[in-house]
*Asks:* 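Next up is a structure, given as structure tokens.
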There are 2 protein chains.
Amino acid sequence: MSYTVHEVAELSGVTIKTLYHYQKIGLLMPESIAENGYRYYGDKELKRLQQILFYRELEFSLENIKNALDNEPDRLNCLREQYSLIKAREQRHAHILRTLEETIQHEEKGVPMSKEKMFNGLNKKEWEEAIAGQNEHLQEKYDYKIDTSEIDADAMNKKANEAAEFMSFMVTSLKNGVSVNDKSVSDAIEKHIKFMQQDMSIDANGFAAQTRFLMTDDFHRKMMEDQQTGLSYYICFAAENYAGKLI
Amino acid sequence: MSYTVHEVAELSGVTIKTLYHYQKIGLLMPESIAENGYRYYGDKELKRLQQILFYRELEFSLENIKNALDNEPDRLNCLREQYSLIKAREQRHAHILRTLEETIQHEEKGVPMSKEKMFNGLNKKEWEEAIAGQNEHLQEKYDYKIDTSEIDADAMNKKANEAAEFMSFMVTSLKNGVSVNDKSVSDAIEKHIKFMQQDMSIDANGFAAQTRFLMTDDFHRKMMEDQQTGLSYYICFAAENYAGKLI
DNA sequence: TATAATCTCTTACCTCAGGTCGGAGTCAAA
DNA sequence: TTTGACTCCGACCTGAGGTAAGAGATTATA
């Protein structure tokens, strides 16, 4: 099955000019070119175009897209990677949305807002710095930045701070679809338990029991679920999984 | 309070060059210009810049932003409008994400996908046409399009329908903080299992095992978590709880 | 079969939202 | 007074296309 420029344009919503452009920069070549110069695209080309558009949607430069597709010729891997990138972008947008909500609330009450908060999530420079070193995999490969900094740290004292950090990490993991089996999750739990051990006697099983209580108890569950839907269940699973591993 | 270009750049993450550019096109003028030519911005300008960035995030052209801000000088209205636009964009992204998911599933099974479906949500032309005449308010004012074609109910057969109904019920319960112990949850699971028993042999324990698999398997968990954060964990708990009760 | 309407190719130039570079003036601190 | 950081402004560059125009190809209609 082969398609004319017009048909491809119609199907994909891209203009003929854009197809020509992609050909010129070697991003998407026609399957064949007739003697009269007419270009025809096949199924393989349509699939590649689809992937180009997914990446374009993520604001990759055409050059980056070319690299991504050429370095990862396995379509399924590409698609999965695009999936997690889109998920990552969602976080940034959630951040911006929160800033917008906060701004509306401040404006409604007529209370002035801190200048830093005003640009939370919008300030690309800032969060690119804040997350330097994180998510190396995607960053190296795509130069794509992921927003993971959520809480304002120094507003809390040390204890609350550690707890909030742990929670925020779990929220991020939950939102990113990280398995409770993942080493990063186990590590976080281990660290959290060690911290708690500074002023109380608790072990992995005790912690698991505690999280199960937090999940079953209506009041505490509500507190956690308000922070992030699903959090109480996730943490409980993670804690039980961690305790189970130690046996 | 007034800020130098450097300070504004630092706060907002925008470059000095961009500030200059905005000044040149009359989008954001400094509050004052000293005799030495230095430009200074006040609180009012920072607020305007914030709004510019919200709009820019929504891919409005600078000219459109100028019009939007000049025609709607009421900040609160602007912010609210931006809020609904961002919400609308979320829909479009959800659409794209679904196309990506479907593509992954087709690719996994090696089944070819219809060419139209391949570009669902990506085809801007298409959804601009599909919603012609709708959302006139925003379109007239901003030339911004909203994706409204979301659910194609009759596209699903009965089976998928029941599953979707069950899932949607669980999502609602999770979001409302309903305990997995709650009778409504047990009842829904019972009903769902009975339905499945029509064409397969499964019991409460089998179902619990299945949900645990869905939670532990990276790909399936991703699918569920995408629908609602925490869903895979909630359903697994609920299923295990239901199976446990029967003993 | 002739003609009109549509499609296609290619090149040259335009646009938008900035980035880069360079020269020159300005300011604060050592 | 000199150094280093900050600022201004203009000229030119970039990416991802859009527009316009001339010319050949194909298809539909008279």
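In the text below, chain A, chain B and the rest are named by the order of the sequence lines, each starting its count at 1. Remember, predicted model here, so these are calculated numbers, not experimental data.
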*Asks:* Any side-chain N or O of B:T15 under 4.0 Å from OP1/OP2 of C:dG18?
*Replies:* no
*Asks:* With the side chain counted from C-beta on, respond yes when A:F54 and B:T99 share a heavy-atom pair under 4.5 Å apart, and no when they do not.
*Replies:* yes
*Asks:* Below 4.0 angstrom, N of the basic side chain to O of the carboxylate: do A:D70 and A:R48 qualify?
*Replies:* yes
*Asks:* Does OP1 or OP2 of D:dG17 have a side-chain N or O of A:R56 closer than 4.0 Å?
*Replies:* yes
*Asks:* What nucleotide among C:dT8, C:dC27, D:dG17 has an atom nearest to a side-chain atom of A:I16?
*Replies:* C:dT8
*Asks:* Can you find an N or O donor on one side and an acceptor on the other, under 3.5 Å apart, linking the side chain of B:Y20 with the base of D:dG10?
*Replies:* no
*Asks:* To the nearest 0.5 Å, what is the distance between CE on A:M29 and CD on A:E45?
*Replies:* 10.5 Å
*Asks:* Expressed in angstrom and rounded to an integer, what is the separation of A:Q23 atom CD from C:dT8 atom P?
*Replies:* 14 Å
*Asks:* Taking only side-chain nitrogens and oxygens of A:N36, does any of them come within less than 4.0 Å of OP1 or OP2 of D:dT26?
*Replies:* yes
*Asks:* In whole Å, what is the span from the CD1 atom of B:I65 to the P atom of C:dG18?
*Replies:* 8 Å
*Asks:* Nearest nucleotide by nearest heavy atom, which residue falls closer to the 5' end of DNA chain D, B:T4 or B:K24?
*Replies:* B:T4
*Asks:* For B:H6 and A:H21, find the nucleotide of DNA chain D closest to each by heavy atoms; which residue's nucleotide sits nearer the 5' end?
*Replies:* B:H6
*Asks:* Would you say the side-chain atoms of A:N176 pair up with the backbone N or O of A:V178, donor to acceptor, closer than 3.5 Å?
*Replies:* no
